[in-house]
Every structure is written in structure tokens, then in C-alpha cells.
Amino acid sequence: GSNSSNGRLIQIYRAFKTNTESFSASTGTFHNISGMSISLTPKSSSSEFLIHVNCNYSTSTGQRGTFRVLSQINAGGYGYITNGVGDASSNVQRGMFPSMATADNNSRAVHASMILRDYPNTTHQVDYILQVEAEAGASTIYINRTAGDNTSNTYHSGMTSMIVYEVADA
């Protein structure tokens with residue numbers, strides 16, 4: 001509950017995606033990954049949120065891409081989580097991972113995992129969404145599968161998850 005001592009787990013929210021999805025790649029255009037959103041109401045305005053993301057993707061031509069998590073408070077519009085994306089100079093895309101590139105091979109995908117920290121400082125609804133982006137040369141972005149999507153028993157499928165832990169921080 002909200003009277004928990006510092007560091008104690010208060011609530012857990014989760015989203016899991018086991019199906020596949022694809023997007024047209026376009027440099028600088030981030031796509032919301034369906035099913036990868038979480039809405040929560042904090043028990044305390046002093047809570048810390050740990051956001052654990054596990055995701056994977058491939059592209060049809062082996063180009064660079066990244067993921068990011070955005071948040072909004074009380075339907076106020078989405079924005080970056082403080083320290084949730086890398087700093088960027090010039091036109092560099094801001095994401096959780098710097099330019100992950102899949103190999104030019106239809107049977108490979110990239111796995112990425114990270115824990116982010118957020119302090120929304122509110123007891124109003126907070127929404128988190130997971131997004132993906134890849135440069136235009138990637139042609140197509142695939143979530144939870146390889147570009148080749150071969151049905152042979154030597155190929156593998158994947159899954160994506162986002163878990164938010166509300167932790168007492170007062």
C-alpha cells in the first residue's frame with residue numbers, strides 16, 4: 001500500500017505481446033507497438049517507477065533502429081521519460097539503445113532489454129507506451145519474428161514485454 005517503507009514494492013503492471021507485428025520503416029518515425037501500453041494510478045506521488053522492457057525486432061534489409069518508452073500524465077500528452085532515452089546531437093534519433101542493427105540475414109533478429117526509472121510525481125493516471133523506429137532503408141520493421149518468417153522447425157518466434165514496478169521512495 002501507499003504507507004510502504006522506502007524500497008518496498010507497491011504495485012506491478014504488465015503487458016506481454018506474443019503475436020507478431022510489422023511497420024513500414026521511416027527514419028525518425030516511431031510506431032506504437034500494439035498491446036504494449038500500460039495505464040496505472042500511482043498510490044503515492046513520491047513513488048519511483050521501474051520500467052523493465054524486453055523486446056526484439058528485425059528488418060527486411062538489416063538497417064539500424066531503436067526502441068523507446070514514452071509517458072503521459074493525466075492525458076496531458078506523451079513525452080520522454082527523464083533519462084529514458086540517450087542524449088542526441090544534431091539529427092541523431094533518441095532511443096533506449098543506440099542504432100541496433102540486424103544482420104542482412106532473413107533468419108536473425110535483435111533482442112534488447114533495459115530497465116528505466118521514472119518519477120512521475122503524481123497520483124493521477126500515468127500511461128506508458130513502447131515504440132520502435134528504424135531508418136527508411138530498413139524497408140519493414142518486424143516485431144517478435146525474423147524478416148524471413150520461415151516456418152521450419154529450426155526457426156524461432158519471440159515475445160515482447162513491459163513490466164512497471166511502483167516502488168516506495170519516501
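Please read these numbers as outputs of a predicted model, since none were measured by experiment. Only this structure's heavy atoms are used, side chains among them; waters, hydrogens and symmetry mates stay out.
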Can you check whether Arg64's main-chain N or O pairs, donor with acceptor, with Glu135's side chain at less than 3.5 Å?
yes

Could you check whether Thr20 and Asn144, counting side-chain N and O atoms only, form a donor-acceptor pair closer than 3.5 Å?
no

Test item: Thr27 side-chain N/O and Ala136 main-chain N/O as donor-acceptor pair under 3.5 Å
yes

How about Asp169 and Ser46: does a side-chain donor come under 3.5 Å of a side-chain acceptor?
no

Output yes when a side-chain donor or acceptor of Arg14 lies under 3.5 Å from a complementary backbone atom of Phe16, and no otherwise.
no

Hits for side-chain contact (heavy atoms from CB on, under 4.5 Å) against Gln131, two or more places apart or cross-chain, chain-then-number order -> Phe30, Asn32, Arg68, Leu70, Ile129

Does any N or O in the side chain of Lys17 come within less than 3.5 Å of the main-chain N or O of Met159, such that one atom is a donor and the other an acceptor?
no

Can you give me the closest heavy-atom contact between Thr59 and Ala134, atom names plus distance?
CG2-CB, 4.1 Å

Within the structure provided, determine whether Ile12 and Ile163 are in side-chain contact (heavy-atom separation under 4.5 Å).
yes

Under 3.5 Å side-chain donor-acceptor pair for Glu166 and Ser47
yes

Quick one, Leu40 and Val164 - any side-chain contact, counting heavy atoms below 4.5 Å?
yes

Is there a salt bridge (charged side-chain N to carboxylate O under 4.0 Å, His left out) between Glu48 and Arg117? Walk through the geometry before answering.
CA-CA 7 Å; Glu48 170 185 16; Arg117 200 165 64 178; 3.7 Å; yes

Do side-chain atoms of Ser60 reach the backbone of Thr140 as a donor and acceptor pair under 3.5 angstrom?
yes

Between atom OG of Ser58 and atom CZ of Arg108, what is the distance when rounded to the nearest 0.5 Å?
12.0 Å

For His52 and Ser113, work out which heavy atoms get closest and say how close.
NE2-OG, 3.5 Å

Closest heavy-atom pair, Ile38 versus Met162, reported as atoms and distance to 0.1 Å, is CD1-O, 3.4 Å

Return the minimal non-hydrogen interatomic distance between Ala15 and Ser37, and the atom names on each side.
CB-O, 4.0 Å

Do Asp127 and Ser39 have side-chain N/O donor and acceptor atoms under 3.5 Å apart?
yes

I need the full list of ring-ring contact (aromatic ring centres under 6.0 Å, His included) pairs touching residues 114-152, with sequence neighbours left out, sorted by first then second residue.
none

Working to the nearest 0.5 Å, report the span between CZ of Phe23 and OG of Ser34.
6.0 Å

Just do the side-chain contact (heavy atoms from CB on, under 4.5 Å) check on Ser45 and Asn121 with the steps written out, would you?
CA-CA 5 Å; Ser45 62; Asn121 194 27; 4.1 Å; yes

Is a donor on one side and an acceptor on the other found under 3.5 Å between the side chain of His31 and the backbone of Ser24?
yes

With side chains defined as the heavy atoms from C-beta onward, is the minimum distance between Leu130 and Val53 less than 4.5 Å?
yes

Please step through side-chain contact (heavy atoms from CB on, under 4.5 Å) for the pair Val167 and Ile10, ending with a clear verdict.
CA-CA 5 Å; Val167 179; Ile10 298 173; over 6 Å; no

Looking at every non-hydrogen atom in both residues, tell me the closest pair between Glu133 and Ile141 and how far apart they are.
C-CD1, 3.9 Å

With a 4.5 Å limit on heavy-atom distance, are the side chains of Glu21 and Ile33 in contact?
yes

If a pair satisfies ring-ring contact (aromatic ring centres under 6.0 Å, His included) and one of its residues is in residues 65-91, list it, with sequence neighbours excluded.
Tyr57-Phe67

Kindly indicate, with the supporting measurements, whether the criterion side-chain contact (heavy atoms from CB on, under 4.5 Å) is fulfilled by Thr160 and Ile143.
CA-CA 8 Å; Thr160 296; Ile143 302 297; 3.9 Å; yes

When every non-hydrogen atom of Ala168 is compared with those of Ser5, the smallest separation belongs to CB-O, 3.2 Å

Let's go through Thr41 and Val126 carefully: what are the C-alpha distance in whole Å and the side-chain angles of both, what is the deciding distance for side-chain contact (heavy atoms from CB on, under 4.5 Å) to 0.1 Å, and is it a yes or a no?
CA-CA 6 Å; Thr41 303; Val126 179; over 6 Å; no

